[in-house]
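Order of the sequence lines fixes the chain letters, A, B, ..., with proteins taken first and strands second; residue numbering starts at 1 for each chain. Note that these values count all heavy atoms, side chains included, but never hydrogens, waters or copies made by symmetry.
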Number of protein chains: 2
Amino acid sequence: MGMIDKQSPVPIYHQLEEKIKKRIETGELMPGDALPSEREYAEQFEISRMTVRQAITNLVNERFLHRVKGKGTFVMEKKMEQPLHGLTSFTEDMKARGLQPSSSLIHFEIIPASSDLADKLGINEHGPVYEIKRIRLAEGIPMALERTYISANLVQGLTEDIVKDSLYAYVENVLNLKIESGIQVIEASTSNAEERKYLEIAEADPILLMERTSSLEDGTRFEVVKSSYRADRYKFMIDLKR
Amino acid sequence: MGMIDKQSPVPIYHQLEEKIKKRIETGELMPGDALPSEREYAEQFEISRMTVRQAITNLVNERFLHRVKGKGTFVMEKKMEQPLHGLTSFTEDMKARGLQPSSSLIHFEIIPASSDLADKLGINEHGPVYEIKRIRLAEGIPMALERTYISANLVQGLTEDIVKDSLYAYVENVLNLKIESGIQVIEASTSNAEERKYLEIAEADPILLMERTSSLEDGTRFEVVKSSYRADRYKFMIDLKR
DNA sequence: TAACTATAGTTGTCTATACCAGATAAACCG
DNA sequence: CGGTTTATCTGGTATAGACAACTATAGTTA
């Protein structure tokens, strides 16, 4: 049995989390099985029970385990294949589906924010906003028409070249901003002329509309993305908690 | 300043959570503001810093606060209006939107599970499954056609009367099962004849399809719900974390 | 036999303390 | 004046121990 390295810079509770996760992944711990009790773990690894609790609490939050007071801690029934298409970019999303993503920029300018947009971005009406329109493709086939709106005051010096390269790499690595959460609205609709043109669909074909507002670590609104997906080529998967 | 009741059966950390939430809701603590430090809270309420941390950790997980090492704990920028249409029944969902929900049962029988359904429910192929079809209405207007599939071995003795009353009240209060999580797939489509009939729509109108697989506390798959929503009357809102 | 009662196991809550690491500003020194 | 050190904030990790609340079982009693 591998041990815990108390001198390691990686926290003990994190080491224990990984150890338990591994025992689940390898099948050593099966769904429904009871874990050793918190006190047993504490004794076995010569660590405090509170540290064990910290590890287990994290795994409970991630839905690997669940606790029952008075009885014990148990391995969750097998997870269904990961949705995990939570807060990911189109690029990551397609890669996760095993498809080769690409995109083509069709529009880039600074516009004054409409009242709706200003509200969603938490800025003043008519404030400067980048409007970026792109076609998103997978394996060279058009999947979605995407319109991105970002406050020009929050992200200064954005250029077409940066957008063509990788907007999110720039935001994360150069500006050092991390996108942390967001809300998403999904609806079905009929297509408009622009969508039909770029997505190469017929008038009767339905469209899956997605609007996402993403926020940074401190809750500052970062971007609003409106995407029109070809309904025959795209589904959203979301996992619901609690 | 209200105090903490150490004798109360409600845990101290939970009392503190509520206290902090209230200070945010009333505007006493504004977005971006720093909270008193953990040590200050501990001293003020004469409780342990670890207990304060437990309260704050929960609020961080709920996205009310965020921590920055070495600097402090801060109030998140204002949340957008709650989506919170996460894991709710149609009934709860409509009530949250201020609409009066109702439903009409159009089909109830036990069928053998298809291979797809058996896989999603984690049961054997051809195993017995309740098939329940209902029309969901808001303010008397048809919103969705809903097909629910539940393993008949897991939930025994289900009758039409129970379904007409409240399926979920029965499951929760009588069978004592709690639905804890789920995954949801959303897509857009054109309508079929059954949907057009019950939803009173035209052939060209798009449909928002939702399929949800819900699980119990221990991860056991409980039900698969396939819903067809009128696209002009319904949107999904989802909040994304991390 | 049936109902109750210890008892020992589990997780849940809470304490008091300690040290580490990142951030900040005051104090210091060249 | 400008750069560096130091002290002191902050949250992050970890400990050892205590008691409460809940569950299950074994044993006892009516």
Side-chain angles (χ1 to χ4, degrees), chain A residues 3-20 29 32-76 176 178 180 217-219 242, chain B residues 3-20 29 32-76 176 178 180 217-218:
Chain A
M3 284 310 276
I4 295 276
D5 179 5
K6 293 202 186 187
Q7 311 315 319
S8 165
V10 30
I12 294 175
Y13 69 86
H14 193 264
Q15 293 181 48
L16 182 53
E17 277 177 50
E18 293 303 318
K19 198 175 289 289
I20 295 173
L29 281 170
D33 283 0
L35 250 68
S37 76
E38 297 173 355
R39 284 181 173 83
E40 283 181 64
Y41 268 130
E43 201 172 338
Q44 179 186 350
F45 295 116
E46 297 178 317
I47 57 181
S48 165
R49 183 182 154 218
M50 289 305 288
T51 303
V52 176
R53 275 187 72 78
Q54 188 170 358
I56 290 180
T57 297
N58 288 342
L59 293 177
V60 168
N61 288 338
E62 291 172 38
R63 298 292 192 281
F64 283 100
L65 305 175
H66 84 283
R67 289 178 162 130
V68 181
K69 185 172 177 175
K71 294 186 73 173
T73 304
F74 302 87
V75 178
M76 276 287 214
N176 211 29
K178 263 206 305 195
E180 251 281 313
E217 286 177 297
D218 68 348
R242 196 184 326 195
Chain B
M3 284 312 276
I4 296 273
D5 179 6
K6 293 201 188 187
Q7 310 316 319
S8 164
V10 30
I12 294 175
Y13 68 87
H14 193 263
Q15 294 181 47
L16 181 53
E17 277 177 52
E18 293 303 318
K19 198 175 288 290
I20 294 173
L29 280 170
D33 283 0
L35 250 68
S37 76
E38 297 173 354
R39 287 174 177 84
E40 283 180 65
Y41 267 128
E43 200 173 338
Q44 180 187 348
F45 295 115
E46 297 178 320
I47 56 180
S48 165
R49 182 183 157 216
M50 289 305 288
T51 303
V52 175
R53 276 187 71 77
Q54 188 170 358
I56 290 179
T57 298
N58 288 341
L59 294 176
V60 167
N61 288 338
E62 291 172 38
R63 299 291 193 281
F64 283 101
L65 305 175
H66 83 285
R67 290 177 161 131
V68 181
K69 186 172 176 176
K71 295 185 75 172
T73 303
F74 303 86
V75 179
M76 275 288 213
N176 210 29
K178 262 206 307 195
E180 249 283 313
E217 287 176 297
D218 68 349

Report task. Would you state whether a donor and an acceptor, one from the side chain of A:R49 and one from the base of D:dG17, lie under 3.5 Å apart? Result ->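 Between D:dG17 and A:R49, which were checked side chain against base, a qualifying N/O pair under 3.5 Å is absent.
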Query raised in the report: Taking N and O atoms by type only, does the side chain of A:R39 place a donor or acceptor under 3.5 Å from a partner on the base of C:dT11?
Result: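 Side chain to base: pair found, below 3.5 Å.
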Query raised in the report: With a 4.0 Å cut-off on heavy atoms, is B:I56 in touch with a base, just the backbone sugar-phosphate, or nothing at all?
Result: nothing
Report task. Could you check whether B:E40 gets within reach of a base, just the sugar-phosphate, or nothing at all, counting any heavy atom under 4.0 Å? Result ->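 Sugar-phosphate, backbone atoms only, no base.
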**Report entry** Lys/Arg-Asp/Glu bridge criterion (N-O < 4.0 Å) met for B:R63, A:E180
**Finding:**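 Here B:R63 pairs with A:E180 in a salt bridge, since their nearest N and O are under 4.0 Å apart.
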Whole-Å distance separating the [atom1] atom of [X] from the [atom2] atom of [N]:
{"X": "B:M50", "N": "C:dA18", "atom1": "CE", "atom2": "P", "value": "15 Å"}
{"X": "A:K69", "N": "C:dT13", "atom1": "NZ", "atom2": "C1'", "value": "9 Å"}
{"X": "B:H14", "N": "C:dC14", "atom1": "NE2", "atom2": "P", "value": "11 Å"}
{"X": "B:R53", "N": "C:dA18", "atom1": "CZ", "atom2": "P", "value": "18 Å"}
{"X": "B:E38", "N": "C:dT15", "atom1": "CD", "atom2": "P", "value": "14 Å"}
{"X": "B:K71", "N": "D:dG12", "atom1": "NZ", "atom2": "P", "value": "14 Å"}
{"X": "A:F45", "N": "D:dA14", "atom1": "CZ", "atom2": "P", "value": "14 Å"}
{"X": "A:D5", "N": "D:dT13", "atom1": "CG", "atom2": "P", "value": "16 Å"}

Can you tell me how far apart [atom1] ([X]) and [atom2] ([Y]) are? Round to the nearest 0.5 Å.
{"X": "B:N58", "Y": "B:R53", "atom1": "CG", "atom2": "CZ", "value": "11.5 Å"}
{"X": "B:H14", "Y": "B:E17", "atom1": "NE2", "atom2": "CD", "value": "5.5 Å"}
{"X": "B:N61", "Y": "B:T57", "atom1": "CG", "atom2": "OG1", "value": "7.0 Å"}
{"X": "B:Q44", "Y": "B:I4", "atom1": "CD", "atom2": "CD1", "value": "9.0 Å"}
{"X": "A:H66", "Y": "B:E217", "atom1": "NE2", "atom2": "CD", "value": "6.0 Å"}

Looking at [N], I'd like to know if its phosphate oxygens (OP1 or OP2) sit under 4.0 Å from a side-chain N or O belonging to [X].
{"X": "A:T73", "N": "C:dT11", "result": "yes"}
{"X": "B:T51", "N": "C:dT13", "result": "no"}
{"X": "B:Y13", "N": "C:dT13", "result": "yes"}

Closest nucleotide among [options] to the [X] side chain:
{"X": "B:K6", "options": "C:dT11, D:dA14, C:dT15", "answer": "C:dT15"}
{"X": "A:I47", "options": "C:dA23, D:dA14, D:dT15", "answer": "D:dT15"}
{"X": "A:S37", "options": "C:dT13, C:dT10, D:dT15", "answer": "C:dT10"}
{"X": "A:I12", "options": "C:dT11, D:dA14, D:dG11", "answer": "D:dA14"}
{"X": "A:Q54", "options": "C:dT24, C:dT11, D:dT13", "answer": "D:dT13"}
{"X": "A:R67", "options": "C:dA16, D:dG11, C:dG12", "answer": "C:dG12"}

